Amino acid sequence: MPRTRVKICGITRIEDALDAITFGADALGFVFYPPSPRYITPEAAAEIIQQLPPFITTVALFVDEPASEVSRISLLTQVDLLQFHGSESAQFCQQFQRPWIKALRVKDAETVHTAITEYSTARALLLDSYRAGVPGGTGETFNWELIPKNCPLPIILAGGLTPENIQTAVEQIRPYGVDVSGGVEARKGVKDPVKIDAFIRGANP
Ligand SMILES: O=C(O)c1ccccc1N[C@@H]1O[C@H](COP(=O)(O)O)[C@@H](O)[C@H]1O
């Protein structure tokens, strides 16, 4: 079975970033959505990113941010990948000359099928839980039965993943990657190294 890639999202501190890398994270996410308790200023994210070793993918998460802000933050931070977590169209997502992934809040099977066609130029689809009025970071799982078996795009599974459920999730879904935020936190915005270690082990048992 190919290795499941792991993204640790909601990084706000250099020590959490370095812990995640030590335990084997492939990617680190930075939340540029001001209402989030995991929001980080672009300047603080840039300072963390400059200190990272090579071969780690850095990801900027946006929720319906204006294009000018996406461009400014991408340039300032030099992130590798953009993650659009709002209702951005494919046309919007592909204007930045940077690879991007689209997050979907999975409400029903139709949501996923429509998105596969609409976001065919994305590098991957990130499937997250749907909760009305909350764009992400819910800490809740969704009905994994709604994930199509033969998706033409790589699937990144998210939403309520924890050290306790990650092994079941990867064995059941076999996603390209997994993304976690709340499940590896000590408190909002602060990661717990023990949970990160357990989560990454569980993703590749
Ligand atoms: O983390 C946030 O605060 C957040 C805010 C707005 C949109 C997305 C957000 N996080 C992403 O949501 C999923 C699931 O998070 P969790 O593991 O359930 O806490 C993940 O992709 C986060 O990056």
Side-chain angles (χ1 to χ4, degrees), residues 4-13 16-17 20 25-42 44-45 48 56-65 69-70 73 77 79-88 93 100-107 111-112 115 119 122-144 146-147 153-170 173 175-192 195-196 198-200 202-203:
T4 308
R5 297 333 199 257
V6 179
K7 170 172 166 252
I8 305 292
C9 199
I11 295 290
T12 62
R13 312 187 313 162
D16 294 346
D26 300 280
L28 302 176
F30 299 86
V31 177
F32 299 115
Y33 175 58
S36 169
R38 299 162 188 122
Y39 172 74
I40 184 167
T41 64
I48 293 175
I56 300 296
T57 301
T58 53
V59 185
L61 186 157
F62 299 104
V63 180
D64 295 321
E65 203 62 34
E69 271 302 275
V70 175
I73 293 171
T77 57
V79 284
D80 301 305
L81 186 70
L82 308 179
Q83 173 176 334
F84 294 105
H85 223 100
S87 52
E88 302 87 354
C93 298
W100 55 279
I101 59 176
K102 183 70 185 77
L104 306 178
R105 297 151 66 215
V106 180
K107 203 174 176 183
T111 317
V112 188
Y119 298 104
R123 296 294 173 100
L125 286 181
L126 184 149
L127 303 183
D128 192 8
S129 305
Y130 176 85
R131 197 207 292 170
V134 183
T138 62
E140 293 164 10
T141 55
F142 64 96
N143 179 5
W144 298 335
L146 297 175
I147 302 174
L153 289 171
I155 295 282
I156 299 167
L157 182 66
L161 297 176
T162 63
E164 289 73 34
N165 65 17
I166 184 64
Q167 186 171 340
T168 308
V170 297
I173 311 300
Y176 170 79
V178 291
D179 185 15
V180 62
S181 194
V184 294
E185 284 180 333
R187 57 181 192 279
K188 295 245 188 263
V190 174
K191 301 303 186 206
D192 178 334
K195 291 183 185 173
I196 294 178
F199 185 88
I200 295 176

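In each ligand, atom 1 is the first atom listed, and ligand 1 is the first ligand listed. Computed from a predicted structure; not experimentally measured. Computation of the quantities below employed the complete heavy-atom set of this structure, encompassing side-chain atoms and omitting hydrogens, waters and symmetry-equivalent molecules.
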Open item on the list: Heavy-atom count check: over 12 atoms from other residues, nucleotides or ligands less than 6.0 Å from Tyr39 OH?
Closed with: yes
TODO: May I have the step-by-step check of side-chain contact (heavy atoms from CB on, under 4.5 Å) for Asp179 and Gln83, ending in yes or no?
DONE: CA-CA 11 Å; Asp179 185 15; Gln83 173 176 334; 3.9 Å; yes
Atom pairs and distances, ligand 1 N/O vs protein N/O under 3.5 Å:
residue	atom	partner	partner atom	Å
ligand 1	1 (O)	Arg38	NH1	2.9
ligand 1	3 (O)	Ser36	OG	2.6
ligand 1	3 (O)	Arg38	NH1	3.0
ligand 1	10 (N)	Gly137	N	3.4
ligand 1	12 (O)	Asp128	OD2	3.3
ligand 1	12 (O)	Gly137	N	2.8
ligand 1	17 (O)	Ser181	N	3.0
ligand 1	18 (O)	Gly139	N	2.9
ligand 1	18 (O)	Gly160	N	2.9
ligand 1	19 (O)	Gly182	N	2.9
ligand 1	21 (O)	Asp179	OD2	2.5
ligand 1	23 (O)	Asp179	OD2	3.3

Open item on the list: So, using ring pair (Phe, Tyr, Trp, His ring centres under 6.0 Å) as the criterion, who are the partners of Phe32 when residues are at least two apart?
Closed with: Phe62
TODO: Keeping to residues at least two apart or across chains, list the side-chain hydrogen bond (donor to acceptor under 3.5 Å, both in side chains) pairs with something in residues 130-139.
DONE: Arg131-Glu140
Open item on the list: For Lys7, is there any backbone N or O sitting under 3.5 Å from a side-chain donor or acceptor partner on Asp26?
Closed with: no
- [ ] Please identify each residue that fulfils side chain to side chain contact (heavy atoms under 4.5 Å, CB included) with Pro35, with sequence neighbours left out.
- [x] Tyr33
